[in-house]
S.K.: 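Got a structure for you, written out below as C-alpha cells; questions coming shortly.
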Number of protein chains: 2
Amino acid sequence: MYSKELLKGTLRTIVLKLLSEQGRMYGYQITQEVKARTNDQIILTEGALYPTLHKLEAEGLLTTEKEYIGKRVRKYYHLTDTGNVAVVAKIQEFTDFVKTMQRLLDFKLET
Amino acid sequence: MYSKELLKGTLRTIVLKLLSEQGRMYGYQITQEVKARTNDQIILTEGALYPTLHKLEAEGLLTTEKEYIGKRVRKYYHLTDTGNVAVVAKIQEFTDFVKTMQRLLDFKLET
DNA sequence: AAAGATACATTAGATTCTTAGGTATTGCAA
DNA sequence: TTGCAATACCTAAGAATCTAATGTATCTTT
C-alpha cells in the first residue's frame with residue numbers, strides 16, 4: 001500500500017463507481033472488491049468507508065436495505081437517481097484532474 | 001477551479017517537479033507557473049504553498065537563498081540531492097496511483 | 001493618488017483520512 | 001470443542017492537509 005495522501009478525495013468516486021457497476025453492494029464487500037481489483041494496492045479502511053457511506057446516504061446519493069444472513073446483518077447500498085447523475089460527474093472530474101496533472105507534470109501513461 | 005479534494009497530496013509532487021525542471025523558483029512564481037500551465041484549473045493558495053515549502057526545506061529536500069529586487073525580498077528554492085531523488089519517486093508514485101485508479105474505475109485517457 | 005500586482009507569512013477552521021478501539025456472528029482448523 | 005480468522009457492522013481521537021481570511025510591505029500602472 002502506497003501513496004495514502006493521493007487517495008484522499010477519491011473514496012467517494014470509488015464507492016459510487018463500484019455501485020453503478022454492481023447495482024448493490026455492502027460495505028465489507030466494497031473493501032474486498034477494491035483490494036482484489038488493485039492487487040492490495042488500495043486498502044480501504046473501515047474508519048474511512050463507513051462514515052463516507054453514511055454521508056452519501058445522508059446526501060441522498062445512496063439508499064440502503066438490510067438483509068439478514070443467519071443472524072448477521074448486511075446493509076446493502078445502491079444508487080439513487082441523484083447518485084446515478086453524480087457518479088458520471090465524479091468520474092469526469094477525476095479524468096479531467098488526471099489530464100491536467102499530466103500536462104503539469106509532463107508524464108505519460110504508456111500501456 | 002474544480003476537484004479540490006483531489007489536489008490533496010499532490011502539492012509536494014507539483015513543487016518538486018517544477019523545481020527539478022526550472023532549477024530554482026520562488027513561491028509566488030510557482031503559483032503563477034501552475035496557474036498558467038493548467039489554464040487556471042489549478043490555483044495554489046498561499047496558505048497551502050508556503051507551509052509546504054517550509055516543510056520540504058525542514059525535511060532537507062529544498063534549500064533557499066534570498067534575493068533582493070529593490071527592497072522586496074524573494075526566496076528562491078532549489079532541490080538538494082535528497083530532493084532530486086525524491087522527485088523521481090514522487091512522480092513514479094503518482095503515475096502508479098493513476099494506473100491503479102484507471103484499472104479500478106475502468107476509464108481511458110484518450111489523447 | 002489609488003488600485004492592482006508582487007511577495008512574503010500566519011492562523012482558525014473544515015475536511016478527510018488513519019489508528020485504534022468496540023460488538024457480534026460464522027466458519028474452520030487444531 | 002475451542003479458539004482464531006474471517007465476516008460484518010460501527011464510532012471516536014488525533015493527524016495531515018487543505019481553504020479562507022488576514023496581515024505586512026513594495027512596486028507598477030492608470
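Order of the sequence lines fixes the chain letters, A, B, ..., with proteins taken first and strands second; residue numbering starts at 1 for each chain.
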S.K.: Does a side-chain N or O from A:Y26 land closer than 4.0 Å to OP1 or OP2 of D:dA8, or not?
M.R.: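 Affirmative; the distance criterion is met.
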
S.K.: Which of these nucleotides, D:dC10, C:dC8, D:dC27, is closest to any side-chain atom of B:V73?
M.R.: C:dC8

S.K.: By nearest heavy atom, map A:E46 and A:I69 onto DNA chain C; which one lands nearer the 5' end?
M.R.: A:E46

S.K.: Do A:E93 and A:K99 meet the salt-bridge criterion of a basic N to acidic O distance under 4.0 Å?
M.R.: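 No.
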
S.K.: OP1 or OP2 of C:dT15 less than 4.0 angstrom from a side-chain nitrogen or oxygen of A:K55, does that happen here?
M.R.: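 No, A:K55 has no side-chain N/O under 4.0 Å of OP1/OP2 on C:dT15.
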
S.K.: Atom CD of B:E33 and atom C1' of C:dT6: how far apart are they, to the nearest Å?
M.R.: 16 Å

S.K.: Any side-chain heavy-atom pair from B:E65 and B:K75 closer than 4.5 angstrom?
M.R.: no

S.K.: Less than 4.0 Å between a side-chain N and a carboxylate O, is that true for B:E59 and B:R12?
M.R.: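 Here B:R12 pairs with B:E59 in a salt bridge, since their nearest N and O are under 4.0 Å apart.
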
S.K.: Are the side chains of B:I14 and B:L18 in touch, meaning some heavy atoms are under 4.5 Å apart?
M.R.: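 Heavy-atom side-chain distance check passes, below 4.5 Å.
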
S.K.: In plain terms, say whether A:E67 and A:R72 are close enough for a salt bridge, that is, a side-chain N and a carboxylate O under 4.0 Å apart.
M.R.: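 Not counted as a salt bridge, because no side-chain N and carboxylate O are separated by less than 4.0 Å.
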
S.K.: Counting side-chain heavy atoms from CB outward, which of D:dC9, D:dC18, C:dA7 is closest to B:T52?
M.R.: D:dC18

S.K.: Check this for me, if you would: do A:R37 and A:E21 make a salt bridge, where the nitrogen-to-carboxylate-oxygen distance has to be below 4.0 angstrom?
M.R.: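 Yes, this pair counts.
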
S.K.: To the nearest Å, give me how far apart CG (A:L53) and C1' (C:dC17) are.
M.R.: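 About 15 Å, once rounded to whole Å.
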
S.K.: I want to verify a distance call: between D:dC10, D:dT19, C:dC17, whose nearest atom is closest to the A:Y77 side chain?
M.R.: D:dC10

S.K.: Rounded to the nearest angstrom, tell me the gap between atom CZ in A:R74 and atom C1' in D:dC10.
M.R.: 17 Å

S.K.: Distance check: side-chain N/O of A:H54 vs OP1/OP2 of D:dT11, anything under 4.0 Å?
M.R.: yes

S.K.: For A:R24 and D:dA8, give me the distance from atom CZ to atom P, rounded to whole Å.
M.R.: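 Rounded to the whole Å, the gap is 12 Å.
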
S.K.: Among C:dA5, C:dC17, D:dT11, find the nucleotide with the atom closest to the side chain of A:P51.
M.R.: D:dT11

S.K.: Measure from CD on B:E67 to P on C:dC8 and round the result to the nearest Å.
M.R.: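 Result: 11 Å.
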
S.K.: What nucleotide among C:dT6, D:dC9, D:dC27 has an atom nearest to a side-chain atom of B:K71?
M.R.: D:dC27

S.K.: For B:Q29, which contact category applies under a 4.0 Å heavy-atom criterion: base, sugar-phosphate, or nothing?
M.R.: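 The answer is nothing, as B:Q29 stays clear of every strand by at least 4.0 Å.
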
S.K.: Students often get this wrong, so: under 4.0 angstrom with heavy atoms, is A:G47 touching a base, only sugar-phosphate, or nothing?
M.R.: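 Counting heavy atoms under 4.0 Å across all strands, the contact made by A:G47 includes a base.
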
S.K.: Rounding to a whole Å, what distance do you find between A:R72:CZ and C:dT26:C1'?
M.R.: 5 Å

S.K.: Nearest whole Å is fine: how far is C:dA9 P from B:L44 CG?
M.R.: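 These atoms are roughly 15 Å apart.
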
S.K.: Between D:dT17 and A:K8, counting only base atoms on the nucleotide and side-chain atoms on the residue, is there a donor-acceptor pair under 3.5 Å?
M.R.: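 Result: no qualifying N/O pair found.
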
S.K.: State which of C:dT18, D:dA8, C:dC8 makes the closest approach to the side chain of B:Y50.
M.R.: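 So the side chain of B:Y50 is nearest to C:dC8.
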
S.K.: Could you give the CD1-to-P distance, from B:I30 to C:dA9, as a whole number of Å?
M.R.: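 Rounded to the whole Å, the gap is 11 Å.
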
